[in-house]
Amino acid sequence: MRIYLHYNMKLTIYESLTVRILLRDAIEEYEKRIKLFNGDTDKDMDYFVYYNLRIEELQKILLKL
């Protein structure tokens with residue numbers, strides 16, 4: 001899921017709530033994927049790092065809304 005928000009953009013309350021829900025859903029999905037990969041192999045560790053970075057990025061966006 002990719003969401004591009006421009007800082008000059010003004011969102012309505014409905015749009016803001018919709019984006020927040022989408023972001024929280026994406027964060028929950030990434031957290032579920034992290035639980036699937038238990039880190040037994042190097043490939044699993046790569047997924048773990050990737051999903052953690054994505055979660056941090058989405059949380060930063062969520063805080064800016």
Side-chain angles (χ1 to χ4, degrees):
M1 179 177 118
R2 297 255 184 221
I3 296 177
Y4 298 100
L5 296 175
H6 300 286
Y7 293 106
N8 302 352
M9 195 171 156
K10 297 288 183 181
L11 299 176
T12 64
I13 294 172
Y14 176 77
E15 292 169 336
S16 178
L17 288 174
T18 303
V19 171
R20 286 175 191 251
I21 290 170
L22 290 173
L23 288 172
R24 287 188 181 134
D25 286 344
I27 290 170
E28 287 177 12
E29 183 178 331
Y30 286 142
E31 288 172 347
K32 288 178 187 176
R33 290 182 186 183
I34 286 174
K35 290 177 185 176
L36 290 176
F37 301 110
N38 55 7
D40 290 341
T41 64
D42 289 336
K43 186 177 179 181
D44 288 345
M45 287 302 292
D46 291 341
Y47 284 122
F48 179 77
V49 171
Y50 171 76
Y51 289 130
N52 273 326
L53 290 173
R54 291 292 297 153
I55 287 171
E56 288 178 16
E57 180 183 345
L58 292 175
Q59 286 174 339
K60 287 179 185 177
I61 294 171
L62 189 61
L63 289 174
K64 289 181 181 180
L65 288 177

What is the distance from atom [atom1] of [X] to atom [atom2] of [Y], rounded to the nearest 0.5 Å?
{"X": "I27", "Y": "K32", "atom1": "CD1", "atom2": "NZ", "value": "13.0 Å"}
{"X": "K60", "Y": "L63", "atom1": "NZ", "atom2": "CG", "value": "10.0 Å"}
{"X": "N52", "Y": "E31", "atom1": "CG", "atom2": "CD", "value": "9.0 Å"}
{"X": "I61", "Y": "E56", "atom1": "CD1", "atom2": "CD", "value": "12.5 Å"}

Original post:
Residues two or more places apart in sequence or in another chain: which of them pass side chain to side chain donor-acceptor pair (under 3.5 Å) with E29?
Top reply: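 With neighbours one apart ignored, the set is R33.
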Per-pair distances, 0.1 Å, donor-acceptor, side chain in residues 16-23, under 3.5 Å, sequence neighbours excluded:
| from | atom 1 | to | atom 2 | distance (Å) |
| --- | --- | --- | --- | --- |
| T18 | OG1 | Y14 | O | 2.8 |
| R20 | NH2 | L65 | O | 2.6 |

